[in-house]
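Owing to the predicted nature of the structure, the values given are computational and were not obtained by experimental measurement.
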Amino acid sequence: MPEPAAAPASPSGDGRPPDEPPAAAPARRGWLRSRWLRALAIVVALVALWGIVLRFLAPGLLRDAIASQLAELTGRPASVERIEIEPYALVFRLHGLKVGEQSDGSAGGPARSHARLALLEADLSWRSLRRFAPVLERLKFAEPVVFVARDAEGVYDGADIVERLAAPKPEATEEDTGPFRFSVANIELAGGSVGLDDRKLDVRHAVTDIGLRVPFVSSLPVDQAIEVEPGFEATLDGAPIRASGRMLPFAAEPTGELRVSLESFDLTRLLPHLPEALPVKLVSAALASELTVGFRAPESAPAAVTVRGSGALAGVELRQPDDRPLLKLPAAEATGIDFDLIASRLSIDRLAVSRPEIAIARRKGEARFLDPVLSALERRAAAEGDAAAQGTPSAPSAPSADGAGFAWSIAAIAIDQGRLAFDDQAFTPQPLRVELAPFDIELGGLGLPQQQPAQLKFSGRTADGEVLAANAQLTIAPLAIDGEASLDEVSVARWAWLAGPALALKVREGKLAVSTRYQVGSVLAADGSGKEGAKAEAGASQADAIGWQLSDGRLRVDSLALADAAREVARIGKLEIQGVGVDPGKRRVTLGSALLDGGKLALR
């Protein structure tokens, strides 16, 4: 027979409320289990929906939206080949972006400004949810191309896009004026290029093999003290460029340093872009540099931008406008460059010039040396004068002679193994040719403003063995040169023709040596005394004229022999004249003393 039902448990028994039926606990556990299963199913469904939407639906919608927005913004055709999204890895890839007509004019048709991008890949981090800002673990640009075209009338294809982007935009509200919060790591740009086709100037430029690497950049407060070390390389018209550095761009006091190197850039590529033609022909010139650009932007002080390093020129050749040679410069190097952009201050430790070749010539019928160059300068000055008279803006004028507003200095200038070819075809009674090779120049302490005069030293030898030497103290503003010069080992017989018909006898032999102290300067123009005076031309500034004078001159002739057609008629063992002075301002020539030793005269 069935057992009697057990009595209800007391509240202090197994813990089940006295009014709960024995089957209620399993039912409650089943309800909880079903609720969790439903929640899990919803989560799985949302995750699956997330993947389906982002992988299959969003790419097509984004592709069309991006192309449509770019076409509307630029007024040019735009397309995107495809977009890929990895929804769970948060990776976004854009393939084959094109904007504008993809024509560079190489096929014979008109060139069009355009852009394209082979691949954009962005790897978004889940940390974006925690930072409430986009955090990218990787951002890659593959083969970006920007091409700019300019037609024969000087109109850039794409100027309308720039005007549209530069149009004033509504002012941001106060809550939108704060800096945009973001963090991007492993930024990489590879295989980029920028091209320019200028039909007006008939030039093409190309920056190819562009590469950029930025390990990390962030505006988030937690990351602002992390130093950024970017890297960059490119090839500009065949000249490699490299850059690397260290930066804190978003710190309370942004600082940075960027090292830039340029190898053998052809400067003639820039000639068509000069606002005015040069008065000389630049046939060739290559520039190389190793510079470090530093910046600092403190909140309570003006920003500072400095450039330090070295630069060099090679293969420089200048010709006059009529193609006559003017200058060849195989090598020149400036070291210890220190340029402060904000303070307008430039200093150079040393400027070294090696083996320069200088040609100074005058043809028959020309009244001055370098006439084609001077004529070109005069035409430019006349054009600027006409433009000023008509109210047309002209090119910026050169800095004032006293260097106001800009300070510069060169501690040492060295020119070695130079060559000077002097050719005066208009000289009478016959053309005058002199070749000075080699010559050396040392100049120290040059600059503006000057604390003390610069020191100049010159030495050289002609092709015929004459020896030149000079030294001087030089002040630029106002111009003042005070020094000594000498010329030795001069063959009197070689230069006797300068006397012309006045010398009836023939010089058989003799050596000449001269030396003098000289002064050149603006303060000598009035009276030659070294004191400022009134200039003869009324209303003109004293600094507009340059005066000169010689003092303490010495002349010595050794073993001078004179002959007529048949025999020697005179011989001087030594002739020495001292205390020679020439003062054009006072129209005065002075002689201190003369000494004749070992003279012989033959009479018939």
Side-chain angles (χ1 to χ4, degrees), residues 187-190 192-194 205-215 217 227-249 254-271 273 282 284-297 303-318 327-356 406-417 442-447:
I187 302 174
E188 179 183 1
L189 185 151
S193 66
V194 177
H205 296 286
V207 184
T208 58
D209 302 324
I210 300 175
L212 174 66
R213 296 168 304 283
V214 181
V217 60
E227 202 168 49
V228 180
E229 299 183 5
F232 173 83
E233 66 271 343
T235 301
L236 172 60
D237 287 337
I241 303 175
R242 301 287 184 272
S244 61
R246 305 168 69 90
M247 299 181 181
L248 284 172
T255 60
E257 191 175 83
L258 187 64
R259 295 176 295 277
V260 183
S261 67
L262 174 64
E263 299 180 22
S264 191
F265 174 68
D266 183 3
L267 292 178
T268 62
R269 302 282 297 170
L270 301 179
L271 290 178
H273 302 285
L282 179 59
S284 63
L287 172 66
S289 65
E290 291 281 350
L291 301 174
T292 298
V293 181
F295 71 89
R296 186 178 68 257
V305 179
T306 59
V307 180
R308 297 183 175 92
S310 62
L313 290 173
V316 178
E317 182 178 359
L318 297 178
L327 172 67
K328 286 186 178 181
L329 189 59
E333 183 178 14
T335 57
I337 298 173
D338 189 346
F339 177 48
D340 190 324
L341 178 63
I342 306 302
S344 297
R345 183 176 63 248
L346 170 66
S347 65
I348 299 175
D349 288 345
R350 181 177 175 83
L351 177 60
V353 180
S354 299
R355 305 184 308 280
F406 183 79
W408 62 273
S409 64
I410 305 177
I413 300 176
I415 302 175
D416 67 271
Q417 298 296 308
E442 296 179 7
L443 181 58
L446 192 66

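Asp237 places a side-chain N or O within donor-acceptor distance of the main-chain N or O of Ala206, the cut-off being under 3.5 Å.
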Practice task
Test side-chain contact (heavy atoms from CB on, under 4.5 Å) on Leu313 and Leu267 and set out the steps.
Solution key: CA-CA 10 Å; Leu313 290 173; Leu267 292 178; 3.8 Å; yes
Exercise for the section: Give the C-alpha distance, both sets of side-chain angles, the deciding distance and a yes or no for side-chain contact (heavy atoms from CB on, under 4.5 Å) between Ile241 and Phe265. Expected result: CA-CA 9 Å; Ile241 303 175; Phe265 174 68; over 6 Å; no
Practice task
Apply side chain to side chain donor-acceptor pair (under 3.5 Å) to Ser347 and Arg345, showing your working.
Solution key: CA-CA 7 Å; Ser347 65; Arg345 183 176 63 248; over 6 Å; no
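Atom OG1 of Thr255 is separated from atom CZ of Phe295 by 6.5 Å, given to the nearest 0.5 angstrom. Distance CG/Leu291 to CZ/Arg259: 12.5 Å, rounded to 0.5 Å. Here the straight-line distance linking atom CD1 of Ile410 with atom CG of Leu443 works out to 8.0 Å at 0.5 Å rounding. Here Thr292 contributes atom OG1 and Leu258 contributes atom CG; the two are 8.5 Å apart, rounded to the nearest 0.5 Å. Distance OG/Ser284 to NZ/Lys328: 8.5 Å, rounded to 0.5 Å. Going from atom CD1 of Ile413 over to atom CZ of Arg350 covers 10.0 Å, rounded to the nearest 0.5 Å.
Residues Leu318 and Leu282 have side chains in contact (heavy-atom distance under 4.5 Å, counting atoms from C-beta outward). Contact annotation: the side chain of Leu446 approaches that of Trp408 to within less than 4.5 Å [non-hydrogen atoms, C-beta and beyond].
In terms of heavy atoms, Ala334 sits closest to Ile348 at CB-CG2, 4.1 Å. Residues Val228 and Val217 approach most closely at CG2-CA, 4.3 Å, considering heavy atoms. When all heavy atoms of Glu229 and Pro215 are compared, the pair lying nearest together is O-CD, 2.9 Å. The minimum heavy-atom distance linking Ala288 with Ser264 is given by the pair CB-N, 3.9 Å. Nearest heavy atoms, Ala285 versus Val316: CB-CG2, 4.0 Å. Considering all non-hydrogen atoms of both residues, Ala234 and Ile210 come closest at CB-CG1, 3.9 Å.
Other residues, nucleotides and ligands place no more than 12 heavy atoms under 6.0 Å from the CZ atom of Arg296.
The existence of a salt bridge linking Arg242 and Glu290 is excluded, since no basic side-chain nitrogen approaches an acidic carboxylate oxygen closer than 4.0 Å.
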